[in-house]
Amino acid sequence: QVQLVESGGGWVQPGGSLTLSCTATNFQLDFYSMGWFRQAPGKEREGLSCISPSGGSSKYADSVKGRFTTSRDKAKNTMYLQMNSIEPEDTGVYYCAADPYFSCSGYPWPVERSRNEYSYWGQGTQVTVSS
């Protein structure tokens, strides 16, 4: 069974930085496109970014573009989300997702709308931004 595990969440002050990790525990992510999602309190889960299997292509939601960076390390079978210049609006539960058929580079719509493209999800990690 495919399992994704997020880690790295916690409390952070506005303007601070945080790095989230997403690790697959029982399968190789080499051929999977992956994405990060956020669900803020009272809101729907929205896409923040996606990254191609090779890591050579990535896309970002307008709300995080220039502040967040998605990367992946094949040797560690892990995807990361580097969050900089964090804002209170970044508070929420962060989820990672993977799918072997979704094409991040070929997705014709904003990444915010990519939720239904993924088959496998982690359990989420909470990020709270406050001073």
Side-chain angles (χ1 to χ4, degrees):
Q1 184 177 354
V2 173
Q3 287 187 321
L4 298 171
V5 179
E6 301 98 336
S7 61
W11 172 82
V12 60
Q13 290 184 325
S17 297
L18 202 63
T19 301
L20 305 183
S21 300
C22 172
T23 301
T25 58
N26 58 351
F27 72 103
Q28 289 301 120
L29 291 167
D30 292 16
F31 302 105
Y32 288 70
S33 285
M34 300 187 71
W36 284 103
F37 291 76
R38 176 175 67 206
Q39 188 160 15
K43 295 188 177 181
E44 292 188 352
R45 192 176 304 184
E46 68 169 357
L48 301 179
S49 69
C50 69
I51 188 166
S52 63
S54 68
S57 178
S58 58
K59 293 181 179 178
Y60 296 91
D62 289 343
S63 62
V64 304
K65 197 172 296 182
R67 300 188 299 120
F68 292 8
T69 302
T70 296
S71 61
R72 60 194 301 169
D73 185 330
K74 286 193 172 184
K76 295 182 178 180
N77 210 29
T78 299
M79 176 180 66
Y80 303 97
L81 182 67
Q82 175 65 46
M83 306 165 61
N84 297 325
S85 302
I86 292 176
E87 303 169 352
E89 293 74 22
D90 294 322
T91 293
V93 180
Y94 283 70
Y95 298 88
C96 66
D99 193 276
Y101 302 109
F102 173 61
S103 172
C104 173
S105 59
Y107 190 62
W109 295 286
V111 70
E112 292 91 326
R113 298 168 55 182
S114 61
R115 181 179 61 184
N116 293 332
E117 306 296 332
Y118 291 91
S119 301
Y120 305 110
W121 292 84
Q123 83 290 346
T125 185
Q126 175 71 44
V127 173
T128 302
V129 185
S130 71
S131 54

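- In terms of heavy-atom proximity, G56 sits nearest to S52 at N-OG, 3.3 Å.
- For the pair R72 (side chain) and S33 (backbone), a donor-acceptor distance under 3.5 Å is absent.
- Pairs engaging residues 101-112 under the salt bridge (Lys or Arg N to Asp or Glu O under 4.0 Å) rule: none recorded [sequence neighbours left out].
- By the criterion of side-chain heavy atoms lying less than 4.5 angstrom apart, applied directly or through intervening Ile, Leu, Val, Met, Phe, Trp or Tyr residues, V93 is not grouped with M34; the two fall into different hydrophobic clusters.
- Side-chain atoms of F27 and L4, non-hydrogen and from C-beta on, do get closer than 4.5 Å to each other.
- Put simply, CG on L18 and CG on N84 are 10.0 Å apart, with the number rounded to the nearest 0.5 Å.
- Hydrophobic clustering (side-chain heavy atoms under 4.5 Å, transitive across Ile, Leu, Val, Met, Phe, Trp, Tyr) keeps F102 apart from M79.
- Considering only residues two or more places apart in sequence or on other chains, S131 meets the side chain to side chain contact (heavy atoms under 4.5 Å, CB included) condition with P14.
- Taking the side chain to side chain donor-acceptor pair (under 3.5 Å) definition, one finds that T69 meets it with nothing, sequence neighbours left out.
- Between T25 and V5 the shortest heavy-atom distance is CG2-CG2, 3.8 Å.
- Contact detail for G122 and Y95: the closest heavy-atom pair is O-CD2, 3.6 Å.
- Using modelled atom types, one side-chain atom of E6 and one backbone atom of Q123 make a donor-acceptor pair closer than 3.5 Å.
- For the side chain to side chain contact (heavy atoms under 4.5 Å, CB included) test, residues two or more places apart in sequence or in another chain that qualify with E87 are R67, E89, D90.
- Scored by the salt bridge (charged side-chain N to carboxylate O under 4.0 Å, His left out) test, E117 finds no partners at all (sequence neighbours excluded).
- Evaluation of the ring-ring contact (aromatic ring centres under 6.0 Å, His included) test over residues 33-63, restricted to residues two or more places apart or in two chains, returns F37-Y118, F37-W121.
- Y94 and I51 end up in the same hydrophobic cluster when Ile, Leu, Val, Met, Phe, Trp and Tyr side chains are linked at under 4.5 Å.
- The stretch residues 40-78 participates, sequence neighbours left out, in these disulfide bond (SG atoms under 2.5 Å apart) pairs: C50-C104.
- In this structure the side chain of L20 reaches within 4.5 angstrom of the side chain of M83, judged on heavy atoms.
- With salt bridges taken as basic N to acidic carboxylate O contacts below 4.0 Å, one links E46 and R38.
- Using modelled atom types, no side-chain atom of D30 and backbone atom of K74 make a donor-acceptor pair closer than 3.5 Å.
- Interatomic distance, CD1 of I86 versus CZ of F68, reported as 5.5 Å (0.5 Å rounding).
- Scanning for salt bridge (charged side-chain N to carboxylate O under 4.0 Å, His left out) contacts around K65 gives D62, with sequence neighbours left out.
- Residues passing the side chain to side chain donor-acceptor pair (under 3.5 Å) test with S114: none are found, sequence neighbours excluded.
- Under the 4.5 Å side-chain heavy-atom criterion for grouping Ile, Leu, Val, Met, Phe, Trp and Tyr, Y101 is not connected to Y107 through any hydrophobic cluster.
- Of all the heavy atoms in S49 and T70, the pair that sits closest is OG-OG1, 2.6 Å.
- Every residue was checked against the side chain to side chain donor-acceptor pair (under 3.5 Å) condition with D73, not counting sequence neighbours, and none meets it.
- Using modelled atom types and a 3.5 Å distance limit, the side chains of S57 and S105 yield no donor-acceptor pair.
- N116 is linked by a side chain to side chain contact (heavy atoms under 4.5 Å, CB included) to nothing, counting only residues two or more places apart in sequence or in another chain.
- Taking T78 as the reference, S21, T23, K76, Y80 meet the side chain to side chain contact (heavy atoms under 4.5 Å, CB included) condition, with sequence neighbours excluded.
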